[in-house]
2 protein chains.
Amino acid sequence: MTQKIPVVQNIMNANDQLAAQNRARLDQAGVFAVNLMASPGAGKTSLIEATLKRLPSTIQVAAVDGDIATSIDADRAAAAGATAIQINTGGECHLDAVMLRNALDQLGDLARFDLLIVENVGNLICPAAFQLGTHKSVLIASIPEGDDKPYKYPGMYQGVDALIINKIDLLPYIPFRMDYFRKGVEILSPDLVSFPLSCLTGEGFDQWVDWLGTSIQEFHA
Amino acid sequence: MTQKIPVVQNIMNANDQLAAQNRARLDQAGVFAVNLMASPGAGKTSLIEATLKRLPSTIQVAAVDGDIATSIDADRAAAAGATAIQINTGGECHLDAVMLRNALDQLGDLARFDLLIVENVGNLICPAAFQLGTHKSVLIASIPEGDDKPYKYPGMYQGVDALIINKIDLLPYIPFRMDYFRKGVEILSPDLVSFPLSCLTGEGFDQWVDWLGTSIQEFHA
């Protein structure tokens, strides 16, 4: 049986088509776009803040922040120097390509930007299933979430281009078996590049910012 | 406009009817049931483990553990002394009343149990929308998730009967404004009973276990 429920299949096809249109639009404007995903509270907004501080000031950044409610995240991204748009999903537990298209409309002339960071809704499940049209997907794992998350949320760990392991400053205080965690990641994504770091202390941040800078350069090459 | 999309409306109505049937079944068997919800890694399974250790041994406990993949949680609940059933949701980001009905079928004679703990899928959004038929809903917040979660996930904080604030042992290492957090909770649920505690150190656990024990007694009275 390969037939899926038609209504679900149609929604996913329509989303993928819109995602392809978003991608074409970003490519044409020369904007490298990242889809940032994580659990609630893993540090998506903190990562955006800390990254903006360290990126060369020549790189113009836009941020699109998805949430159920409030503009807390977009306000923080804006305060950190990004042009920021808040998407309130109205209860939806993930962003989709329509929502990103509307946010791109709001951003106006995209050619002003070098980098777009899309902060997805805090959720380790559904965001993995919806293409947005971004160039890279980045997942933030967080030490206090526990070392079993790759095993329990395989869909999310399987489909990403880079993995940030945040809050390593808490390692002394939490039972977290890094070997067990890394083994779970390796089973799903053997070559996944990972960046253990702390948004709070700044430890490990250089490697992540280097990777991001190189990715932007390669995109423009 | 009060009309909703019919297909969604029908699904929710069907779910609520099944939830009512689950509730009647639990009532008849004399099983007090709790729907335990939280983000991934907030400590649902750890709470079950630590609670089972402290409950009087006369209370017979069943656990139903919802996850996308693996039986890690049910294995832990079983090792802690519960009769445990794992539900793998096949990608769904929440439990629903059908899944609980099937789990109740698997548990066999429900009258053996005094307490059923349903560990929902790790998600701060969709589980709030699906009634299961349990008697009380309990939300676990976690200090490292950050103090803005009530503001950002109001649907979840609004509909619960008790709030556990887990991982208070990490308060010295994390910028967490307890006043700001509590203010957010109070706006949504002015009279919500809350239990700051640590599953790791056991601090604050007595009050939670007392509340649970009293709730079970009141249910049987």
Side-chain angles (χ1 to χ4, degrees), chain A residues 7 38-46 65-73 76 88-94 121-129 141-158 166-167 169-176 184 188 198-201, chain B residues 7-8 38-46 65-73 76 88-89 91-94 121-129 141-158 166-167 169-176 184 188 198-201:
Chain A
V7 64
S39 296
K44 293 180 293 301
T45 315
S46 298
D65 297 275
D67 263 309
I68 304 303
T70 80
S71 64
I72 292 174
D73 290 351
R76 286 175 60 188
N88 284 140
T89 64
E92 282 294 317
C93 62
H94 57 269
V121 179
N123 182 340
L124 277 191
I125 307 164
C126 303
S142 165
I143 297 297
E145 280 168 26
D147 50 28
D148 59 358
K149 292 301 162 290
Y151 302 91
K152 293 173 69 178
Y153 299 90
M156 184 58 82
Y157 277 82
Q158 221 153 11
N166 190 20
K167 309 195 189 182
D169 55 292
L170 294 177
L171 275 171
Y173 314 113
I174 292 173
F176 186 98
L188 298 164
S198 166
C199 290
L200 197 63
T201 67
Chain B
V7 64
V8 174
S39 297
K44 293 181 292 305
T45 314
S46 298
D65 297 276
D67 263 309
I68 305 303
T70 80
S71 65
I72 292 174
D73 290 351
R76 287 175 59 188
N88 285 140
T89 65
E92 282 295 316
C93 62
H94 57 270
V121 179
N123 183 340
L124 277 190
I125 308 161
C126 303
S142 165
I143 297 297
E145 279 170 26
D147 50 27
D148 60 357
K149 293 302 161 289
Y151 303 90
K152 294 172 69 177
Y153 299 90
M156 182 59 81
Y157 277 81
Q158 222 153 12
N166 190 21
K167 309 194 190 183
D169 54 293
L170 294 176
L171 276 170
Y173 314 114
I174 292 172
F176 186 98
L188 298 164
S198 166
C199 290
L200 198 61
T201 66

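We use all heavy atoms of the structure for the numbers below, so side chains are in, but hydrogens, waters and symmetry mates are not. Protein chains get the first letters and strands the later ones, always in sequence-line order, with residue 1 at the start of each.
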Problem set entry | Rounded distance [0.5 Å steps], CD1 in Ile125(B) versus CD1 in Ile68(A) |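 These two atoms lie 4.0 Å from each other.
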Heavy-atom cut-off 4.5 Å, strictly under: side chain, backbone, both or neither for [X] against chain B?
{"X": "Cys93(A)", "value": "both"}
{"X": "Asp73(A)", "value": "side chain"}
{"X": "Lys152(A)", "value": "both"}
{"X": "Pro144(A)", "value": "both"}

Exercise. Pick from Pro40(B), Gly91(B), Ala69(B): which one has the most heavy-atom pairs with chain A under 4.5 Å?
Worked result: Pro40(B)
Problem set entry | Winner by heavy-atom pair count (cut-off under 4.5 Å) against chain A, out of Pro154(B), Ser46(B), Gly43(B), Gly122(B) |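 Highest number of heavy-atom pairs under 4.5 Å: Gly122(B).
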Exercise. Does some side-chain heavy atom of Cys126(B) sit less than 4.5 Å from a side-chain heavy atom of Asn123(A)?
Worked result: no
Problem set entry | Heavy-atom pair with the smallest gap, counting every atom of Tyr173(A) and Leu170(B) |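 Of all heavy-atom pairs spanning Tyr173(A) and Leu170(B), the closest is CB-CD2, 3.7 Å.
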Problem set entry | Nearest non-hydrogen partners of Ile72(A) and Tyr151(B), listed with the distance |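 For Ile72(A) versus Tyr151(B), the nearest heavy atoms are CD1-CB, 3.9 Å.
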Problem set entry | Tyr153(B) versus chain A, the contacting section by heavy-atom distance below 4.5 Å |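 For Tyr153(B), the contact with chain A is made by the side chain alone.
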